[in-house]
Amino acid sequence: MANVFIVGGAGQVGRRLAQRLAARGHVARALHRDPAQTAELEALGATPVAGDLAALDADALATRMAGSDAVVFSAGAGGKGGPERIDAIDGRGLELAVAAAQRAGIRRVLLVSAFPEAGRGRHVSDTFEHYMAVKKRADVHLAASGLDWAILRPGTLTDAPGTGRVRAGLAIPYGEVPRDDVAATLLELVERPAVNRVIIELTQGDTPVGEAVQALAR
Ligand SMILES: NC(=O)c1ccc[n+]([C@@H]2O[C@H](COP(=O)([O-])OP(=O)(O)OC[C@H]3O[C@@H](n4cnc5c(N)ncnc54)[C@H](OP(=O)(O)O)[C@@H]3O)[C@@H](O)[C@H]2O)c1
């Protein structure tokens, strides 16, 4: 049984992960900032933890995380706000979570990042370009942290029902992936600490999720 702290726990991926963790007997603690989400998180089997990533310092976040075996960072500014919010959440938010994990003595951080080819072949907005750059800097920060980590780079997220089958690898062609299957992949990563210090690209595919993740263990 693992105790997992999800930053972005009420997000679309975060809440799917929380539900899967709880269903498998793990403790899922979900950081969220809207009090209206508390009841929904509880209904999923998660333990809501109130906190705004943009307002907490590392000590305050470490106090909330204390006792966790792993941190999953799935927060993001999404479509809301401009570059400043992307900097604050996808960028400094990840740095804050890493610092808090270090202070709380939590060894393992799993990061939901972005697929490098997202947007390639079309004209993208300056904001999207900025988002991709910040996501990459967050990857760099975590990879240099000295912690145990895995960075998951899903292709374009969809709300299609999960299939339980994915393509996961160090370098794979770009594609879409249901959020359900991203959550399923994160659950498998939580349960497989031997998948460590690896950057994983993820799309929909044909391999059962557990098998796909196990193949990345070393
Ligand atoms: N969309 C794509 O195609 C795609 C592709 C690859 C990777 N990704 C990445 O995948 C991740 C998860 O995606 P998703 O669909 O689950 O996104 P989401 O539903 O927007 O979830 C992001 C979560 O971050 C939370 N958050 C934002 N600001 C916060 C703050 N100040 N304090 C605490 N929490 C805060 C949001 O809470 P609020 O509701 O309170 O704002 C939300 O719950 C994101 O990081 C995204 O960049 C997306």
Side-chain angles (χ1 to χ4, degrees), residues 1-32 41-42 44-49 51 53 61-62 64-76 93-94 97-98 100-102 104-114 138-139 142-143 145-154 157 162-170 177-205 207-218:
M1 197 267 288
N3 188 326
V4 182
F5 190 91
I6 309 171
V7 182
Q12 296 184 78
V13 169
R15 72 180 71 166
R16 286 170 167 86
L17 173 61
Q19 187 171 28
R20 283 174 183 272
L21 283 164
R24 206 109 117 193
H26 301 295
V27 173
R29 295 194 293 147
L31 186 75
H32 70 101
L41 288 168
E42 283 171 345
L44 296 175
T47 303
V49 179
L53 210 46
L61 186 55
R64 285 164 172 76
M65 282 180 181
S68 303
D69 300 300
V71 171
V72 176
F73 189 96
S74 187
L94 179 276
V98 166
Q102 288 167 330
I106 301 164
R107 283 290 318 154
R108 192 156 186 247
V109 175
L110 308 177
L111 170 61
V112 180
S113 183
D139 292 357
L142 178 58
S145 67
L147 292 170
D148 291 337
W149 52 267
I151 293 169
L152 187 63
R153 292 177 168 171
L157 303 181
T163 64
R165 291 174 180 268
V166 295
R167 182 166 181 179
L170 304 181
V177 59
R179 287 180 170 87
D180 273 349
D181 289 330
V182 176
T185 303
L186 289 166
L187 170 62
E188 297 292 342
L189 285 169
V190 165
E191 293 185 342
R192 288 175 168 78
V195 182
N196 191 26
R197 300 194 176 187
V198 62
I199 297 176
I200 303 162
E201 297 182 354
L202 182 77
T203 65
Q204 58 198 359
T207 309
V209 174
E211 208 177 293
V213 172
Q214 182 58 36
L216 296 160
R218 43 186 173 172

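Below, all heavy atoms of this structure are taken into account, side chains as well, without hydrogens, waters or symmetry copies.
A distance-only check finds no donor-acceptor pair linking the side chain of R16 to the backbone of G11 [under 3.5 Å]. Within the 3.5 Å criterion, the main-chain N or O of A2 finds a donor-acceptor partner in the side chain of H26. When atom types are taken as modelled, the side chain of R15 and the backbone of A10 share a donor-acceptor pair closer than 3.5 angstrom.
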Could you walk me through whether R24 and V190 pass side chain to side chain contact (heavy atoms under 4.5 Å, CB included), step by step?
CA-CA 11 Å; R24 206 109 117 193; V190 165; over 6 Å; no

(message) What verdict does the side chain to side chain contact (heavy atoms under 4.5 Å, CB included) test give for V182 and V166, after you've listed the backbone C-alpha separation in whole Å, the side-chain angles of each residue and the deciding distance to 0.1 Å?
(response) CA-CA 9 Å; V182 176; V166 295; over 6 Å; no

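Minimum heavy-atom separation, V112 to P154: CG1-CG, 4.0 Å. Among all heavy-atom pairs drawn from V98 and S145, the shortest one is CG1-CB, 3.8 Å. Of all heavy-atom pairs between G162 and D180, the closest is N-OD2, 2.9 Å. Residues I200 and A168 come closest through the heavy atom pair CG2-CB, 4.0 Å. Contact detail for A46 and A30: the closest heavy-atom pair is CB-CB, 4.4 Å.
Put simply, the side chain of R167 does not reach to within 4.5 Å of the side chain of V177, judged on heavy atoms. Looking at L170 and L216, their side chains come closer than 4.5 Å, going by heavy atoms from C-beta outward. Proximity of L187 to L17: side-chain heavy atoms (C-beta onward) are separated by under 4.5 Å at one or more points. Residues L186 and I6 have side chains not in contact (no heavy-atom distance under 4.5 Å, counting atoms from C-beta outward). Side-chain contact check for L94 versus V7: every heavy-atom pair is 4.5 Å or farther apart.
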Mind listing the side-chain donor-acceptor pairs of residues 65-75 below 3.5 Å, one per line with the distance, residues two or more places apart or on another chain?
residue: S68; atom: OG; partner: R29; partner atom: NH2; Å: 2.8
residue: S68; atom: OG; partner: M65; partner atom: O; Å: 2.7
residue: D69; atom: OD2; partner: N3; partner atom: N; Å: 2.7

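L31 CG to T47 OG1: the interatomic distance, rounded to the nearest 0.5 Å, is 12.5 Å. Rounding to the nearest 0.5 Å gives a distance of 10.0 Å between CG of L142 and CG of D148. Atom-to-atom distance recorded for T185:OG1 and L110:CG is 11.5 Å, nearest 0.5 angstrom. Here CG of L202 is found 5.0 Å from CG of L152. Values are rounded to the nearest 0.5 Å. Atom CD1 of residue I199 and atom OG of residue S113 lie 8.0 Å apart, to the nearest 0.5 angstrom.
Checked options R197, Q102, R108; the residue passing with L147 is Q102 (criterion: side chain to side chain contact (heavy atoms under 4.5 Å, CB included)).
Remark: T163 pairs with R165, D181 by the side-chain contact (heavy atoms from CB on, under 4.5 Å) rule, at least two apart or across chains.
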